[in-house]
Trainee: 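Could you have a look at this structure, given as structure tokens, before my questions?
Proteins come first, then strands; the chains are lettered A, B, ... in the order of their sequence lines, and each starts at number 1. Given the structure is predicted, the values throughout are model-derived calculations rather than measurements. Values below: every heavy atom of this structure, side chains too, minus hydrogens, waters and symmetry copies.
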Amino acid sequence: MRFTNMFIPTLRETPSDAEAVSHKLMLRAGYVRQLAAGLYMYLPLGWRVMAKINAILKEEMDAIGAQEISLPVLHPAELWQQTGRWDEIKEEMFRLKDRGGRDMCLGMTHEEVMTYLASREIRSYRQLPQSWYQIQTKLRDEARPKSGILRTREFIMKDSYSFDADEAGLDKSYELHAKAYHRIFQRCGLEFYQVQSDPGMMGGKGAHEFMAPSPAGEDEAVLCVSCGYAANVELAGSISPGERFKAEPHDIHAAKTGDGCPKCGAALKIERCIEIGNIFKLGTKYSLPMKAFYLTEDGSERPLIMGSYGIGPARIAAAAIEQSHDGDGMIWPASIAPFDAEIIPLNIKDENTAKTAEALYNALNEAGIETLMDDRDERAGVKFKDADLIGIPKQVIIGERNLKEGLVEVKDRRTKEALKVKPDEVLKAFKS
RNA sequence: CGGGGCGUAGCGCAGUCUGGUAGCGCACACGGUUCGGGACCGUGGGGUCGGAGGUUCAAAUCCUCUCGCCCCGACCA
């Protein structure tokens, strides 16, 4: 892609209402713009990152046998009334009436609709297990949207739901998802923890959250470096030093750094985190009220045993920026960067520069390396600043000075190390 | 929803206390000089000062109401 054909409105100054690093940089680098509180517009660069993340999500979901489907955002109230959540949930749910006066709501999550589908279509144990997922819009009328893209009223979520014949099946589906989530976050280049969490209103009997450490996060994880115990502070029952091994499981209170680990007694560490994913064992919380039953081998009727699993791709993007940036801008992990490489011809009006850039651009694209070429007629400084801001991992700098010796520069955005190579060696330099 | 802050050009801000009819930097357009880390000079376009009502000869400025955005907290499926 050529810079002049792509809308990349970079800003020299940070809009004053941005606080979180990821928010500031996404605005400055021209990845997103705000429409209203908690509502964001993704611009070409931002949307490319989302597409990269979603592609990874799909690959890993497909790899565990989950199947992609798509459900409506607009839901009839009846489904939510059946599970009781129509009344349990308050202002956080967007509600409306259709022209016939029927109560409707905008989906904040899809347990109801998924269970409805399963209840009508799954008849027999022979059809189990099933895992269905979608990457789709959720709406929540948040009391306080914040930190840019981190907490919004409308957001995209990868949500999957598993249907099993029994608890053992659920355990398996749950494990599969947990492992897939590990691979996803690893592939996205994030530092993260899997921690125990409170199942909360989702109901059910077990839950974990995936937490990306970052000061911009809203959650706190309690971690034991000694035995590996990890939990959300909301859940972590801890004991104070000197009272070892006397943790009261029901005594749930906020743990503090230095408290004793409930498992091994060692000193706990607390870290601020962004919740990037969660997994829940739902059991029959939705299948019972919605009558989602199947027939067993001996002909008896049993409720489906369910799990639900969510990932917020925008939070992955924000967490990646929070965890990987410097004073000049973003530093994308290669896997989710909007482009693999950026060609920077310093003086586009120089014939040799332009020719070399053009040839390299074609060669890289042909080699399957997604390349952005800054073909703007701008000064070198502007291009350098924008390139660093935008954060594409590899930069290929083409300047008249080096070109006289038949060389171009391959620079790593993260380390800032630059290698001078011949144009036809650029590909090789990427691999090293 | 409680507490705090802020709304003046696309972005960052000054002007508000002490009313006199809107300004600076960046960005943008044009011309020239520049050209490896956000150039310089000149010219130019762009603003119902968030909105409504009120006070006044006169309101960005004072008063009332209202809308919006951000931060802290509560909440968070």
Trainee: Separation of Leu346(A) atom CG from C35(B) atom P, in whole Å?
Mentor: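 Nearest whole value for this atom pair: 14 Å.
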
Trainee: Taking atom C1' in both G7(B) and C13(B), what distance in whole Å separates the two?
Mentor: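 The answer is 13 Å between these two C1' atoms.
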
Trainee: Is it true that Asp340(A) and Lys394(A) make a salt bridge, defined as a side-chain N closer than 4.0 Å to a carboxylate O?
Mentor: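 Not counted as a salt bridge, because no side-chain N and carboxylate O are separated by less than 4.0 Å.
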
Trainee: Give Asp328(A) one of three labels, base, sugar-phosphate or nothing, depending on what nucleic acid heavy atoms sit under 4.0 Å from its own.
Mentor: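 Touches nothing.
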
Trainee: Can you check each nucleotide of nucleotides 2-11 of chain B against protein heavy atoms at under 4.0 Å and return B for base, S for sugar-phosphate only, - for none, in 5' to 3' order?
Mentor: ---------B

Trainee: Nearest to the side chain of Asp17(A) - G37(B), G38(B), C69(B)?
Mentor: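 That would be C69(B).
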
Trainee: Among C35(B), C76(B), G38(B), find the nucleotide with the atom closest to the side chain of Asp386(A).
Mentor: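 Of all the options, the side chain of Asp386(A) is nearest to G38(B).
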
Trainee: Base, sugar-phosphate, or nothing for Glu112(A), non-hydrogen atoms under 4.0 angstrom?
Mentor: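 No contact at all - Glu112(A) keeps every heavy atom at 4.0 Å or more from the nucleic acid.
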
Trainee: How far does the C1' atom of G53(B) sit from the matching atom of A59(B), given to the nearest Å?
Mentor: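 Each nucleotide's C1' atom is 13 Å from the other's.
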
Trainee: What is the ring orientation for His75(A) with Trp80(A), classed by angle as parallel under 30°, tilted 30 to 60°, or perpendicular over 60°?
Mentor: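 His75(A) vs Trp80(A) ring planes: parallel.
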
Trainee: Answer yes when Arg414(A) and Asp326(A) have at least one side-chain N-carboxylate O distance shorter than 4.0 Å, and no when they do not.
Mentor: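 Answer for the salt bridge query: no.
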
Trainee: Just to be sure I understand the rule, does Lys416(A) reach a base, reach only the sugar-phosphate, or reach nothing, if contact means heavy atoms closer than 4.0 Å?
Mentor: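 Answer is nothing: Lys416(A) stays at 4.0 Å or more from every strand.
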
Trainee: Could you state the atom-to-atom distance from CG of Asn347(A) to C1' of G37(B) in whole Å?
Mentor: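 Between C1' of G37(B) and CG of Asn347(A): 15 Å.
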
Trainee: What does Arg33(A) touch in the nucleic acid at a heavy-atom separation under 4.0 angstrom: a base, only the sugar-phosphate, or nothing?
Mentor: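 Nothing, no heavy atom under 4.0 Å.
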
Trainee: As a test of reading the structure: which of G36(B), G38(B), C69(B) is closest to the side chain of Lys385(A), going by heavy atoms?
Mentor: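 Closest of the options to the side chain of Lys385(A): G38(B).
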
Trainee: Can you identify which nucleotide, out of G37(B), C76(B), C69(B), has its nearest atom closest to the Glu234(A) side chain?
Mentor: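 That would be C76(B).
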
Trainee: How long is the span from the SG atom in Cys105(A) to the CD atom in Glu92(A), to the nearest 0.5 Å?
Mentor: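 Here the interatomic distance stands at 12.5 Å.
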
Trainee: What does Ala18(A) touch in the nucleic acid at a heavy-atom separation under 4.0 angstrom: a base, only the sugar-phosphate, or nothing?
Mentor: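 It contacts nothing in the nucleic acid.
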
Trainee: When rounded to the nearest Å, what value does the distance between P atoms of G23(B) and G44(B) take?
Mentor: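 Their P atoms lie roughly 14 Å apart.
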
Trainee: Which part of the nucleic acid, if any, lies within reach of Ser147(A) when heavy atoms closer than 4.0 Å are counted: base, sugar-phosphate only, or nothing?
Mentor: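 Since only primed, P, OP1 and OP2 atoms lie under 4.0 Å of Ser147(A), the category is sugar-phosphate.
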
Trainee: Can you tell me, in whole Å, how much space there is between the C1' of U21(B) and that of G25(B)?
Mentor: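 Comparing C1' positions in U21(B) and G25(B) gives a spacing of 24 Å.
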
Trainee: Under 3.5 Å, sequence neighbours excluded: what are the donor-acceptor pairs made by side chains of residues 179-187 of chain A?
Mentor:
| from | atom 1 | to | atom 2 | distance (Å) |
| --- | --- | --- | --- | --- |
| Tyr181(A) | OH | Lys158(A) | NZ | 2.7 |
| Tyr181(A) | OH | Tyr309(A) | O | 3.3 |
| Tyr181(A) | OH | Gly310(A) | N | 3.1 |
| His182(A) | ND1 | Ala178(A) | O | 3.0 |
| Arg183(A) | NE | Glu60(A) | OE1 | 2.9 |
| Arg187(A) | NH1 | Glu59(A) | OE1 | 3.0 |
| Arg187(A) | NH1 | Glu60(A) | OE2 | 2.8 |
| Arg187(A) | NH2 | Glu59(A) | OE1 | 2.9 |

Trainee: Mind checking Ala143(A) for me? I need base, sugar-phosphate or nothing, with any heavy atom below 4.0 Å counting as a touch.
Mentor: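 Base contact - Ala143(A) has a heavy atom under 4.0 Å of at least one base atom.
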
Trainee: From CG of Asn232(A) over to P of C75(B), roughly how many Å is that when rounded to an integer?
Mentor: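 Whole-Å distance recorded here is 13 Å.
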
